[in-house]
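Any value given below was found using the heavy atoms of this structure, including those in side chains, with hydrogens, waters and symmetry copies removed.
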Amino acid sequence: MPAFNYIGRDANGSQVKGVIEAANSALAAEQLSRKRIIPISIETAKQANTAVAGKDIDIEDLLGLNQVTLDDVIVFCRQMYALVRSGVPILRAIKGMAESSTSVKLKSALLDISAQLEGGFPLSTSLHKHPKIFNPLFVSLIHVGENTGNLDEAFLKLAGYFEREQETRKRIKTALRYPSFVLIALVAALVILNIFVIPTFANMFAKLGADLPWATKMLIGSSSFFLNYWPHMLIASIVGIFSLKRYLATPDGMYAWDKRKLKLPIVGSVIERSILSRFAHSFSIILRAGVPMTTGLTLVADAVDNTYMRDKILAMRSSIESGESLLRSSATSGLFTPLVLQMIAVGEETGRVDELLAEVGDYYEREVDYELSTLTARIEPILIAIVAAMVLVLALGIFSPMWNMMSAFQGK
């Protein structure tokens with residue numbers, strides 16, 4: 001059913017606005033009249049969103065500076081938990097959060113949500129209209145919390161889930177910081193060598209007319225190529241990056257990349273275990289909230305943020321819908337180790353699947369912690385080998401001709 005944004009006056013003469021669903025604008029006006037609201041303007045939500053989009057696009061949106069971060073979502077969940085538990089009405093809590101929010105995008109979304117709440121929409125439906133901020137897992141838990149009267153507990157569970165996710169991301173960034181700095185330093189060193197160092201030695205060797213070894217010729221050739229064709233290399237890099245981004249924006253490209261990154265050397269296992277930990281924890285929260293298993297798998301499939309793993313999870317759902325148990329569908333998916341499958345089997349036998357899935361999530365978190373703690377130690381030999389190869393080529397390419405010339409002068 002179409003949705004309409006309206007602005008009107010209530011019985012006290014105060015201006016009100018919100019969103020209302022109706023077959024057409026006339027029926028929307030009739031519904032507002034029954035609510036003792038005199039409509040001033042009624043327009044379709046699509047038109048309103050288009051107009052707003054035209055006004056809101058600025059340089060910060062293009063650069064991604066106004067995006068809602070995971071920290072913003074965690075703070076929102078924590079504060080909503082405290083407000084709802086204290087008995088503050090939802091509408092008042094949302095308005096208060098909108099006024100105190102430091103994120104422009106989140107503030108705009110909360111203002112829209114408060115307008116929809118004033119229009120009679122439930123909180124879960126209002127959140128669902130902002131999928132870039134509140135994912136299906138978030139909306140589903142809020143929906144369950146509304147229906148069961150445990151909305152505060154829903155916000156608490158979501159806060160814990162997102163805090164765990166944030167902690168995992170921080171650990172991954174910390175583990176990759178040292179290798180990233182080393183690689184950046186290597187690239188900077190190569191650029192400086194090709195622009196300033198190697199051309200100086202090339203001119204000196206050319207004046208002396210010395211017979212150059214293969215390593216020196218390779219260095220001079222790479223430097224000349226870099227100096228002569230750097231505009232072409234820059235254009236090719238930009239085109240390649242945009243082409244790659246465009247390919248990854250397609251379903252086939254994203255699926256291929258999501259599958260490939262799980263097989264990357266060294267970091268692939270970390271990514272896979274991190275996704276499985278997210279799956280286990282989110283599925284546990286969903287089941288504990290009373291959501292049916294098949295519906296929960298659909299929601300969790302969207303929460304894992306990996307299209308390859310999403311297809312595997314949806315295949316598990318289809319298997320369960322056809323009559324298979326969670327254990328058999330999990331074993332068929334090939335996602336889990338025998339130890340995890342044994343824990344799932346115990347959970348099914350005892351009726352404590354949600355608790356055992358939480359244990360599975362903790363197990364994978366410990367695996368990720370171990371992988372991250374040894375990640376630097378495993379990457380460091382590779383980086384040392386790369387640096388050693390660079391030093392060897394430079395030594396052979398620059399010092400070998402100098403040694404040959406000194407030997408020739410001494411022989412004379």
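Note: Leu372 CG to Leu176 CG = 7.5 Å, rounded to the nearest 0.5 Å. Atom OH of Tyr178 is separated from atom CG of Leu375 by 12.0 Å, given to the nearest 0.5 angstrom. If you take CG on Asp112 and OG on Ser126, they are separated by 8.0 Å, rounding to the nearest 0.5 Å. Taken to the nearest 0.5 Å, the CG atom of Leu110 stands 10.0 Å off from the NZ atom of Lys107. Going from atom CG of Leu111 over to atom CG of Leu106 covers 9.5 Å, rounded to the nearest 0.5 Å. Note: Asp72 CG to Ser103 OG = 4.5 Å, rounded to the nearest 0.5 Å.
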Starting from the C-alpha separation in whole Å, work towards a yes-or-no answer on salt bridge (Lys or Arg N to Asp or Glu O under 4.0 Å) for Glu153 and Lys157.
CA-CA 6 Å; Glu153 293 296 326; Lys157 291 177 183 177; over 6 Å; no
Would you sort out whether Asp258 and Met309 count as a side-chain contact (heavy atoms from CB on, under 4.5 Å), showing the intermediate values?
CA-CA 8 Å; Asp258 284 340; Met309 301 287 277; over 6 Å; no
side-chain contact (heavy atoms from CB on, under 4.5 Å) between Ile220 and Phe201, intermediate numbers included
CA-CA 9 Å; Ile220 294 175; Phe201 282 97; over 6 Å; no
Chi angles and distances behind the side-chain contact (heavy atoms from CB on, under 4.5 Å) call for Ile238, Ile235
CA-CA 5 Å; Ile238 294 174; Ile235 294 173; 5.8 Å; no
Residue pair Leu314, Leu297: steps toward the side-chain contact (heavy atoms from CB on, under 4.5 Å) verdict:
CA-CA 7 Å; Leu314 292 179; Leu297 285 172; over 6 Å; no
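Checked by atom type and distance alone, the side chain of Ser319 never pairs as donor or acceptor with a backbone atom of Met316 at under 3.5 Å. The main-chain N or O of Val270 is never found under 3.5 Å from a side-chain atom of Ser274 such that the two would form a donor-acceptor pair. Counting only distance, with no hydrogens or angles, the side chain of Ser101 and the backbone of Ala98 share no donor-acceptor pair below 3.5 Å. With hydrogens and angles ignored, the 3.5 Å screen pairs a side-chain donor or acceptor of Thr374 with a backbone N or O of Glu371. Without hydrogens or angle criteria, Glu348 side chain to Leu326 main chain gives a donor-acceptor distance under 3.5 Å. Of the possible polar contacts, none joining the Ser108 side chain to the Val104 backbone as a donor-acceptor pair under 3.5 Å is found.
Of the listed residues (His143, Glu146, Gln116), just one forms a side chain to side chain contact (heavy atoms under 4.5 Å, CB included) with Pro122, and that residue is Glu146. For the side chain to side chain contact (heavy atoms under 4.5 Å, CB included) criterion with Val182, the lone passing option out of Leu383, Val187, Ile379, Ile382 is Leu383.
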Could you tabulate the donor-acceptor pairs under 3.5 Å formed by side-chain atoms of residues 243-254, not counting sequence neighbours?
from, atom 1, to, atom 2, distance (Å)
Ser243, OG, Val239, O, 2.7
Thr250, OG1, Tyr247, O, 2.4
Thr250, OG1, Gly253, N, 3.2

Which atom pairs, donor and acceptor, lie under 3.5 Å between side-chain atoms of residues 77-91 and protein residues at least two apart or in another chain?
from, atom 1, to, atom 2, distance (Å)
Arg78, NE, Glu163, OE2, 2.9
Arg78, NH2, Glu163, OE1, 3.0
Arg78, NH2, Glu163, OE2, 3.3
Arg85, NH1, Asp152, OD2, 3.3
Ser86, OG, Ala82, O, 2.7

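Between Phe76 and Phe134, the angle of the ring planes lies from 30° to 60°, which puts this pair in the tilted group.
A salt bridge is defined here as a Lys NZ or Arg NE, NH1 or NH2 lying under 4.0 Å from an Asp or Glu carboxylate O, and Asp369 with Arg171 meets this definition. Ionic pairing of Arg273 and Glu365 is not present here: no N-O contact between side-chain nitrogen and carboxylate oxygen is shorter than 4.0 angstrom. In this structure, Lys95 does not pair ionically with Glu99, as no charged nitrogen and carboxylate oxygen lie closer than 4.0 Å.
Counting only heavy atoms from C-beta outward, the side chains of Val267 and Ile172 never approach each other to under 4.5 Å. A 4.5 Å side-chain heavy-atom check between Val353 and Ile344 finds every atom pair outside the cut-off. Considering only heavy atoms from C-beta on, Tyr229 comes within 4.5 Å of His232 through its side chain. The side-chain heavy atoms of Thr216 and Leu396, taken from C-beta on, include no pair separated by under 4.5 Å. Residues Phe196 and Thr200 have side chains not in contact (no heavy-atom distance under 4.5 Å, counting atoms from C-beta outward).
Within 6.0 Å of CZ on Arg288 lie more than 12 heavy atoms contributed by other residues, nucleotides or ligands. Under a cut-off of 6.0 angstrom, the local environment of NZ in Lys129 is crowded, with over 12 non-hydrogen atoms contributed by other residues, nucleotides or ligands. Under a cut-off of 6.0 angstrom, the local environment of CZ in Arg92 is sparse, with at most 12 non-hydrogen atoms contributed by other residues, nucleotides or ligands. For Lys261, the NZ atom sits in a packed shell: over 12 heavy atoms of surrounding residues, nucleotides or ligands are nearer than 6.0 Å. Remark: His128 NE2 is loosely packed, at most 12 non-hydrogen atoms of other residues, nucleotides or ligands lying under 6.0 Å away.
Applying the side chain to side chain contact (heavy atoms under 4.5 Å, CB included) criterion to Pro199, with sequence neighbours excluded, gives Ser223, Leu227. Looking at residues two or more places apart in sequence or on another chain, you find a ring pair (Phe, Tyr, Trp, His ring centres under 6.0 Å) between Phe336 and Phe279. For the side chain to side chain contact (heavy atoms under 4.5 Å, CB included) test, residues two or more places apart in sequence or in another chain that qualify with Ile384 are Glu380. Residues meeting the side chain to side chain contact (heavy atoms under 4.5 Å, CB included) test with Ala280, sequence neighbours left out: Val360.
Shown here for Asn228 and Pro231, the closest heavy-atom pair between the two residues is O-CD, 4.3 Å. When all heavy atoms of Leu276 and Leu335 are compared, the closest pair comes out as CD1-O, 3.4 Å. Taking each heavy atom of Gln166 and Leu70 in turn, the nearest pair found is OE1-CD2, 3.6 Å. Contact detail for Val291 and Gly296: the closest heavy-atom pair is CG1-N, 3.8 Å. Between Leu186 and Met390, the closest heavy-atom pair is CD2-SD, 3.5 Å. Nearest heavy-atom pair across Leu341 and Leu327 is O-CD1, 3.2 Å.
If you check the side chains of Glu321 and Thr294, you find no donor sitting under 3.5 Å from an acceptor. Of the N and O atoms on the side chains of Ser284 and Asp354, not one donor lies less than 3.5 Å from an acceptor on the other residue. Side chains of Thr298 and Arg317: a donor on one and an acceptor on the other come within 3.5 Å.
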